[in-house]
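To start, the structure under review is shown below, and the notes come after it.
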Protein chains: 4
Amino acid sequence: MGDKGGTPPALRADARRNRAQIIDAARALFLRVGVDVPMEEIAKAAGVGVGTLYRRFPDRAELIKAVSLDNFARLVELAERVEGAEPDPAQALTTLLRSALELRLGITMTALSDRAYRAIQSSPEIDELRDRVMAVAQRLLGRAQAAGTIRADIEIGDTMLALVLVSRLVPPAGDDLAEMVFQRLFALVVDGLRAIPGTPMPGRPVTYEDINELRRSGGLGGFGKFAPADPDESQRAR
Amino acid sequence: MGDKGGTPPALRADARRNRAQIIDAARALFLRVGVDVPMEEIAKAAGVGVGTLYRRFPDRAELIKAVSLDNFARLVELAERVEGAEPDPAQALTTLLRSALELRLGITMTALSDRAYRAIQSSPEIDELRDRVMAVAQRLLGRAQAAGTIRADIEIGDTMLALVLVSRLVPPAGDDLAEMVFQRLFALVVDGLRAIPGTPMPGRPVTYEDINELRRSGGLGGFGKFAPADPDESQRAR
Amino acid sequence: MGDKGGTPPALRADARRNRAQIIDAARALFLRVGVDVPMEEIAKAAGVGVGTLYRRFPDRAELIKAVSLDNFARLVELAERVEGAEPDPAQALTTLLRSALELRLGITMTALSDRAYRAIQSSPEIDELRDRVMAVAQRLLGRAQAAGTIRADIEIGDTMLALVLVSRLVPPAGDDLAEMVFQRLFALVVDGLRAIPGTPMPGRPVTYEDINELRRSGGLGGFGKFAPADPDESQRAR
Amino acid sequence: MGDKGGTPPALRADARRNRAQIIDAARALFLRVGVDVPMEEIAKAAGVGVGTLYRRFPDRAELIKAVSLDNFARLVELAERVEGAEPDPAQALTTLLRSALELRLGITMTALSDRAYRAIQSSPEIDELRDRVMAVAQRLLGRAQAAGTIRADIEIGDTMLALVLVSRLVPPAGDDLAEMVFQRLFALVVDGLRAIPGTPMPGRPVTYEDINELRRSGGLGGFGKFAPADPDESQRAR
DNA sequence: AATGAATGAGCATTCATTCAT
DNA sequence: GATGAATGAATGCTCATTCAT
């Protein structure tokens with residue numbers, strides 16, 4: 001067989017197609033219904049049987065990972081394209097943030113539910129892609145701060161969390177009022193990022209590393225509900 | 001005694017105690033685990049049997065309503081107290097927002113899940129309390145705008161949604177890093193509200209009425225997942 | 001105290017009133033809803049709390065027994081009155097049967113459900129009253145047969161079962177069509193009893209003793225559903 | 001192959017087998033225990049898990065419908081066979097009635113419980129089969145009346161209700177006394193149908209349409225308990 | 001490899017019965 | 001003695017996951 005030993009054993013054409021359809025269906029349904037949407041519903045939306053879904057993704061966590069990976073890949077592509085195209089760093093950052101939201105990736109579910117959070121933990125591939133996106137964002141932020149167009153007392157962690165916040169408001173396509181509301185909130189938060197001089201911020205700038213720390217301690221996992229995690233929570237994880 | 005009518009025929013002392021314990025347990029678990037926590041878990045946390053829980057609240061929706069009502073009552077109390085105590089309107093508004101969050105009411109779940117949203121719909125008592133809170137906030141906002149300390153191009157709907165956003169970040173007590181992050185994000189959003197001159201905002205100021213409209217059209221219900229509402233969603237409602 | 005040692009310790013006036021109200025409510029609801037109607041519903045209909053109901057009747061079986069006893073007492077009264085008043089035996093029997101049905105006692109639930117059946121078993125008081133009703137019926141039947149106005153090839157057991165059958169059709173007051181249908185079926189069955197010469201009947205006349213035998217073997221218990229009792233059924237009895 | 005359309009997409013062999021087993025088990029248990037038997041018990045009797053049962057029949061009502069449909073199909077087969085084979089109409093009618101009972105279909109639960117009644121309502125397939133059975137019965141009745149072997153003052157509705165009555169007595173196989181009792185009662189009712197001249201019947205002949213009317217108004221639904229229908233009963237329907 | 005059937009554990013809810021007030 | 005609260009077992013139904021076809 002043409003299998004060159006690689007981890008993913010090179011899918012047959014139809015299998016690859018199925019895989020893609022499943023991911024698309026899952027992304028849409030995760031977004032529309034939630035990460036808890038019945039597997040069968042995802043399978044149906046993808047036009048396959050559950051069996052097929054499970055053959056490709058052994059359990060829900062794997063599916064969530066796959067969707068996330070795909071999402072982050074799109075973000076990487078976006079980030080690098082924006083950085084290359086827009087010379088003004090504040091403008092580039094803003095565009096990056098807005099475009100990231102408009103991709104409707106639920107950026108990228110980490111913030112959305114315990115379940116998604118736990119599923120995504122410990123995926124080096126995802127970590128790698130996220131790092132790449134963050135690197136771009138960090139560069140843009142630094143340049144904008146140097147240029148004096150973004151407030152100096154924040155770090156990329158603050159920025160990113162602001163983004164996660166606003167991501168909750170991304171409306172489904174077609175609702176005009178909700179769309180306007182979203183755009184306004186986005187603008188408002190961007191104004192917060194730009195505020196110079198802003199109100200002196202409490203604490204110290206939040207770094208990417210802080211975010212990872214938060215993630216590790218469960219401090220981010222609970223956004224999907226209200227708030228995170230107590231120890232025995234893990235039992236619920238299945 | 002103080003019973004000025006009597007549809008709910010005045011609970012026995014122990015029953016009232018249980019009722020309160022259930023609401024407390026539910027509030028905590030809704031916050032920590034989500035509105036979907038198993039009823040049994042709530043009962044256990046309240047130290048009663050499921051039967052007792054169900055006697056008091058015929059179904060989950062009723063329990064959600066009761067918790068919300070209680071939450072809003074606290075908010076009313078807070079709002080009116082703050083308004084009476086702090087003469088500077090911008091300061092009063094900020095304090096109100098921050099304190100509302102620190103009450104950890106999940107302000108107040110409307111934004112959190114379809115289920116909560118649907119449960120709360122059509123509760124005139126809740127509507128009434130919410131209106132009172134909004135009235136205070138609106139007054140404070142207006143005065144602050146008149147005083148030039150809050151940007152003029154927003155309305156109470158914008159403010160409220162900003163609050164809903166940040167409410168997602170309220171951390172469980174005791175996590176210092178998460179607490180700091182939350183405080184910073186709060187400050188950042190407040191700076192957005194204060195930004196004068198801010199970036200010109202798209203659309204038009206979002207009123208309380210707009211929010212109600214959004215709510216009605218399902219445009220707010222879905223924040224708990226990623227995004228709201230397609231027609232057949234309602235089937236899922238039970 | 002004034003308790004003369006008798007088994008029923010002489011209830012206080014209000015207690016006696018409660019007892020009567022409960023029995024009335026239970027009779028009505030057993031008839032309208034079924035013997036499985038929630039105890040709480042019975043209590044409410046009787047205007048008492050469940051506690052009171054249970055104090056008077058330790059469990060559902062006792063309540064069923066009490067209702068049955070009351071019903072049979074009414075039947076005894078009826079039977080003896082009719083026998084005394086109507087000289088023509090066939091006419092008297094017919095009147096007895098029809099009146100028994102029109103009392104809407106569900107004559108008297110034995111035939112109605114496993115549960116009722118089991119509850120009533122082994123109640124000597126009920127047995128005694130039933131015996132008295134049967135004695136009257138038997139006398140009337142015998143005289144009518146002697147007079148040649150009821151077919152000779154049946155016995156009181158046949159008659160009684162025919163009655164049980166028709167009792168299923170007793171409609172709620174006020175439904176004219178159902179009432180007519182019931183009266184016709186009753187007439188039809190009476191014509192069957194009168195048929196002379198009828199089709200030769202299979203088997204032999206069914207006596208009261210046969211009925212008791214059937215009851216004992218469970219052969220009557222199942223009328224409430226379709227058919228009776230297999231051994232392990234008893235587990236369901238509670 | 002024989003699939004001339006395909007809404008039910010042709011079950012796999014094992015699934016078809018399971019489906020049949022479930023229907024058989026349900027028919028038996030509905031008959032023996034009642035339509036309220038725990039679903040789990042049905043599943044166990046069918047040798048499958050509850051899940052399987054529910055996959056095939058989304059809820060109890062669907063299962064009841066399926067059993068009824070199957071039952072009526074058997075009745076149609078019986079009716080048409082009897083009509084074709086027996087030239088004497090009164091004899092044919094009698095045979096049809098007796099055989100229908102001996103099929104032990106609980107003919108066919110409509111008369112048995114509110115729940116069954118409600119489940120069956122609005123099933124055009126069932127209606128159609130029932131109509132076919134009734135058509136045969138009506139023809140036979142008409143011919144027998146023309147031949148003077150069945151009384152002239154009744155209609156098919158009367159006949160059918162008489163049958164429903166007797167159906168309550170169908171005993172479980174193997175109980176000789178109960179079997180004899182049943183046969184006698186059947187004979188007695190048949191004699192009632194044949195009574196010429198019978199006692200003048202009250203009201204007017206009851207047609208099939210009357211029966212449907214009764215059914216519609218709930219006047220038949222309640223036979224399973226004692227008596228039907230008050231308005232708020234419907235709440236109990238679930 | 002795809003499919004869809006089967007399984008069973010999980011959770012909501014009801015209600016008989018017991019018990020504190 | 002009356003009341004209505006508390007309990008928990010029973011049952012309907014859903015859905016993740018496994019497995020036969």
Side-chain angles (χ1 to χ4, degrees), chain A residues 11-12 14-15 18 36-44 47-61 63 236 238, chain B residues 9-19 36-43 46-61 63 236 238, chain C residues 11-12 14-15 18 36-44 47-61 63 236 238, chain D residues 9-19 36-43 46-61 63 236 238:
Chain A
L11 294 174
R12 235 165 56 181
D14 57 340
N18 276 343
D36 289 321
V37 56
M39 295 298 261
E40 189 130 15
E41 207 162 317
I42 299 174
K44 192 181 309 169
V48 303
V50 242
T52 304
L53 197 168
Y54 272 93
R55 159 177 288 269
R56 222 41 83 201
F57 308 97
D59 59 22
R60 184 183 293 272
L63 177 57
R236 191 182 316 283
R238 304 207 203 182
Chain B
L11 291 177
R12 228 163 61 182
D14 56 340
R16 189 157 46 247
R17 199 175 329 115
N18 276 339
R19 199 192 129 94
D36 290 319
V37 247
M39 294 297 260
E40 189 131 13
E41 206 161 319
I42 299 173
V48 303
V50 240
T52 303
L53 197 168
Y54 274 96
R55 162 179 281 264
R56 222 42 80 197
F57 308 98
D59 58 23
R60 184 184 294 275
L63 178 56
R236 192 181 314 283
R238 305 205 203 185
Chain C
L11 294 174
R12 234 165 57 180
D14 58 339
N18 276 344
D36 289 321
V37 57
M39 294 299 259
E40 189 129 14
E41 206 161 319
I42 299 173
K44 192 182 309 169
V48 303
V50 244
T52 304
L53 196 168
Y54 272 93
R55 159 176 288 268
R56 224 40 85 200
F57 308 97
D59 59 22
R60 183 184 293 273
L63 178 56
R236 191 182 315 286
R238 301 204 203 184
Chain D
L11 291 176
R12 229 162 62 181
D14 56 341
R16 190 157 45 246
R17 201 175 328 117
N18 275 340
R19 199 191 129 95
D36 290 319
V37 246
M39 294 298 261
E40 188 129 16
E41 207 161 317
I42 299 173
V48 303
V50 241
T52 303
L53 197 168
Y54 274 97
R55 162 180 281 266
R56 222 42 81 198
F57 308 98
D59 58 23
R60 185 184 293 275
L63 179 56
R236 193 182 312 283
R238 304 202 205 189

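The figures here come from the full heavy-atom set of this structure, side chains too, leaving out hydrogens, waters and symmetry mates. Every value quoted in this text rests on a predicted model; they were computed, and no experiment measured them. Naming: A, B, ... by sequence-line order, numbering from 1 per chain.
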Revision key, fill the gap. Atom NZ of C:K44 and atom C1' of F:dA2 are separated, to the nearest Å, by 17 Å
Review point. Phosphate oxygens OP1/OP2 of F:dA2: is one of them under 4.0 Å from a side-chain N or O of C:N18?
Key: yes
Study note, to complete from the structure: Taking every heavy atom of C:Y54 against every heavy atom of C:D59, the minimum-distance pair comes out as CE2-CA, 4.2 Å
Check your understanding: Under 3.5 Å, is there an N or O donor on one side and an acceptor on the other linking the side chain of A:R60 and the base of F:dA16?
Key -> no
**Study point:** 5' priority, DNA chain F, between A:G51 and B:R19 [closest heavy atom]
**Key:** B:R19
Revision key, fill the gap. Whole-Å distance, C:D36 CG to E:dT17 P, equals 11 Å
Practice item. With pairs defined as Watson-Crick or G-U wobble and both distances under 3.5 angstrom, please note down DNA chain E as a dot-bracket string, | for pairing with another strand. Key: .||||||||||||||||||||
Check your understanding: Do side-chain atoms of C:R60 reach the backbone of C:V37 as a donor and acceptor pair under 3.5 angstrom?
Key -> yes
Check your understanding: Taking atom P of E:dA16 as reference, at what distance in whole Å does atom CZ of C:F57 sit?
Key -> 16 Å
Exercise for review: Could you tell me the separation between the CZ atom of D:R55 and the P atom of E:dA5, rounded to a whole number of Å?
Suggested key: 5 Å
Exercise for review: Please state how far atom CG in B:L53 lies from atom P in F:dG8, giving the value in whole angstrom units.
Suggested key: 14 Å
Exercise for review: Rounded to the nearest angstrom, tell me the gap between atom OH in D:Y54 and atom P in E:dA5.
Suggested key: 18 Å
Study note, to complete from the structure: Residue pair B:P58/B:D14 against DNA chain E: nearer the 5' end by closest nucleotide is B:P58
Exercise for review: Select base, sugar-phosphate, or nothing to describe what C:V50 touches, counting heavy atoms under 4.0 Å on all strands.
Suggested key: base
Review point. Rounded to the nearest Å, what distance is computed from the CD atom of residue B:E41 to the P atom of nucleotide E:dG10?
Key: 13 Å
Check your understanding: What is the distance from CD of C:E40 to P of F:dT7, rounded to the nearest Å?
Key -> 16 Å
